[in-house]
There are 2 protein chains.
Amino acid sequence: MKSLVLKIGRSSPSSLTSGQTRIDRMASTRLLSRGEKVFRKGQSARQVYKVEIGCIRTFTHDRDGCRLVTGFYFPGDYFGLEMRGKHSVFAEAIAPSRILVIGRKALFSAVETDNSVANGLLNVTNLELQRAQNQSLMLRSSAHERVAHFLFELKKRNRRAEVDLPMSRQDIADYLNLAMETVSRALTRLEKVSTISFRTYHRIKVRTRKRLAA
Amino acid sequence: MKSLVLKIGRSSPSSLTSGQTRIDRMASTRLLSRGEKVFRKGQSARQVYKVEIGCIRTFTHDRDGCRLVTGFYFPGDYFGLEMRGKHSVFAEAIAPSRILVIGRKALFSAVETDNSVANGLLNVTNLELQRAQNQSLMLRSSAHERVAHFLFELKKRNRRAEVDLPMSRQDIADYLNLAMETVSRALTRLEKVSTISFRTYHRIKVRTRKRLAA
DNA sequence: CGGTTTATTGAAATGCGTCAACGATTGTGG
DNA sequence: CCACAATCGTTGACGCATTTCAATAAACCG
C-alpha cells in the first residue's frame, strides 16, 4: 500500500476561498444545466469561476482522443485559474449548477489592494502546483487505493457521512486513470467489507479512513 | 499509446534560467559529493537552490517506505522551491555536484521591491508547475513510453547525441513508477531496435524521437 | 584481482484492462 | 403512473503488461 494525499478541487484556507469575499461581490451569477460547458480548451481565459451549487469537471484529451479528467470542483472551489492566456482544459457542469463568474481584470486589481500582484499570483500558482503534485502521488498508488482515497477526500469535503457522487463512474475512472470496470469493482469490494454502503449509485455512506485504505 | 510531453528539470528560455541572473547573484556556492544530502524532508525551507554542475534527485517515501523520486535536476535547474515553510522532499546529489544556495529571505524581499525578481520567481514556479503536470501525464502512459520519453527529454536537455544517465536504474524506476527490471527491459528493447546504444550503463547514444516512441 | 554493488534476463504470479453479457436506474411519452 | 427505451453500472471470463522472485552477468572499488 502506498501513501497518498489527494486533493479534489480543494480550496485553500485563505480568505479568498471561504464564504463571501470582496472578490465574490464583483461577480455575476450563471446557471448551468447538466452537461453544459463553462469554457472550452483553447479559449482565452478572461474570467475565473467559483462554484456555488452543483459540480464542475475539467478535462482534456490525450493524442489518442482518450479523455483525461483533471479535476472536480464543488461549492466553494475556484476553477479556471490558468495563468497563461488560454484555458488548458474544458470545464462543464456535471449536475445543474450555479457558479460565480469573476472578471480577471477586476480580480487582479483587487488582489493588488490586499498584497502585491506578484504575491497573489505566486499563491495561486503554488496552489495549482500542490494540486498537480498530489495528482502525481495519486497516480502512483494502486487502483483500490486511488478509489478509496478519492472517496475519503470527498467525505472530508462534505463533512457528512453521506457523500454525493454526482459524476459518473466513467468520470471517476478518467480522473483516476482507471477503467470504469475497475472503479466499479473497487466500490463493490469496499461495500463488501462494509467500508461504504450505497444509497443510490450516486450517494454513498463512507465509514472510517482506516478501512478505506485497506 | 498515449500522448505525453515530459519535462525533466527543464529550464525555460527566459533570461532567468540561462546564465547568471540577478537572483543568482544573491547566492553562495556549495560543493556536494556523491549521495550527499542538500536538504531533508520536513526541514524548514530557508533557501532555494540552483544546480551548476552535477545532478540532484529529489524524493520522498510512501507509507510503506517505498521511495518515490519526484525529480532530477541538472545544471541550470532550480530546486527546493516549496513556498510553504517546510521541504516536502529530500534532495541529494547523484554525482559530485556544485550548486548555488540562495537565501529565501533575501529572495522574497527582493521580490517585493524588484519586479524582475518577482517575475523570475514566477517563471521558476511556473516551470515547476509544468513539470508536475507533465509528471501526471507521464504516469498515465505505458512503461515503454515512459522510458522512451525519459530518454528523449534527457537528450533534448543535453543537445548532444551522447546522453549521461548519472542516476541508477532504480532511480529511474522510482521516478517513472516502474520496477527496475521493467526499466532495464525497456532499455534493452530500445537497444535491440537500435534506437539507442550503450557506451556504458550510464552513457548512451540516443537516436531519433520517432523511434523512441515506437 | 576478489568482493560488492548494480544491471540483465527468465519464469511465474498478479493486477488491471478489455470484451461481453446482464442488471439497475433514469428519462420520456403515452 | 406505467411502460419502454436509453443510459449507466455491475459482474465474469480472459488476455496482456508489469511486477515479483530468482539466477546470472557486468561494472565498480577497494
Q: If each of A/His202 and B/Thr188 is mapped to the nucleotide of DNA chain C with the nearest heavy atom, which maps nearer the 5' terminus, i.e. the 5' end?
A: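 So the residue in question is B/Thr188.
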Q: Where does the angle between the aromatic ring planes of A/Phe79 and A/Tyr73 fall among parallel (under 30°), tilted (30 to 60°) and perpendicular (over 60°)?
A: tilted
Q: Could you tell me if B/Asn126 and B/Gln130 have a donor-acceptor pair between their side chains, going purely by distance under 3.5 Å?
A: no
Q: Which two nucleotides bound the region of DNA chain C that has atoms under 4.0 Å from heavy atoms of chain A, read 5' to 3'?
A: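 So the contact region on DNA chain C extends C/dC16 to C/dT25.
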Q: Take the C1' atoms of the five end pairs on each side of the helix from C/dC1-D/dG30 to C/dG30-D/dC1, get both axes, and report the angle to 10 degrees.
A: 40°
Q: Could you tell me how far apart A/Glu191 (CD) and D/dG9 (C1') are, to the nearest whole angstrom?
A: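 So the CD-C1' distance, A/Glu191 to D/dG9, works out to 13 Å.
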Q: Out of the candidates B/Arg203, B/Lys155, B/Arg199, only one should pair with B/Asp164 under the salt bridge (charged side-chain N to carboxylate O under 4.0 Å, His left out) rule; please name it.
A: B/Arg203
Q: Return the minimal non-hydrogen interatomic distance between B/Arg140 and A/Asp174, and the atom names on each side.
A: NH1-O, 3.2 Å
Q: Please confirm whether the shortest side-chain N or O distance from B/Thr200 to OP1 or OP2 of D/dA27 is below 4.0 Å.
A: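 For D/dA27, neither OP1 nor OP2 has a side-chain N or O of B/Thr200 closer than 4.0 Å.
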Q: Okay, side chain of A/Arg146, backbone of A/Tyr175: is any donor-acceptor separation there less than 3.5 Å?
A: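 Pair absent, no side-chain N/O of A/Arg146 close to backbone of A/Tyr175.
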Q: Expressed in angstrom and rounded to an integer, what is the separation of A/Leu165 atom CG from D/dC8 atom P?
A: 16 Å
Q: Could you tell me how far apart A/Leu187 (CG) and D/dT10 (P) are, to the nearest whole angstrom?
A: 6 Å
Q: Can you tell me how far C1' of D/dG9 sits from CD1 of A/Ile204, to the nearest Å?
A: 14 Å
Q: Just checking, is any N or O donor in the side chain of A/Ser33 or A/Glu36 under 3.5 Å from an acceptor N or O on the other one?
A: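 On atom types as modelled, these side chains qualify, holding a pair under 3.5 Å.
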Q: Mark yes or no: B/Arg67 above the aromatic ring of B/Phe59, with NZ or CZ under 6.0 Å from the six-membered ring centre and no more than 45 degrees from the axis.
A: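 Verdict for B/Phe59: a cation-pi partner in B/Arg67.
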Q: Under a 3.5 Å cutoff, is there a donor and acceptor pairing between the side chains of B/Tyr78 and B/Glu128?
A: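 Absent: no donor and acceptor within the cut-off.
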Q: So, B/Glu191 versus B/Thr188: side-chain donor-acceptor pair below 3.5 Å or not?
A: no
Q: Checking side-chain polar atoms at under 3.5 Å, does B/Asn158 have a donor or acceptor matched by the opposite partner on B/Glu162?
A: no
Q: What protein N or O atoms touch nucleotides 17-26 of chain D N or O atoms at under 3.5 angstrom, if any, and at what distances?
A:
unit_1	atom_1	unit_2	atom_2	d
D/dT18	OP1	B/Ala143	N	2.7
D/dT19	OP1	B/Ala179	N	3.4
D/dT19	OP2	B/Ala179	N	3.2
D/dT19	OP2	B/Thr182	OG1	2.3
D/dT20	O4	B/Arg185	NH2	2.8
D/dC21	N4	B/Glu181	OE2	3.1

Q: Would B/Ser44 and B/Lys86 count as having a side-chain donor-acceptor pair, cut-off 3.5 Å?
A: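 Looking only at side-chain atoms, B/Lys86 and B/Ser44 do not form any donor-acceptor pair under 3.5 Å.
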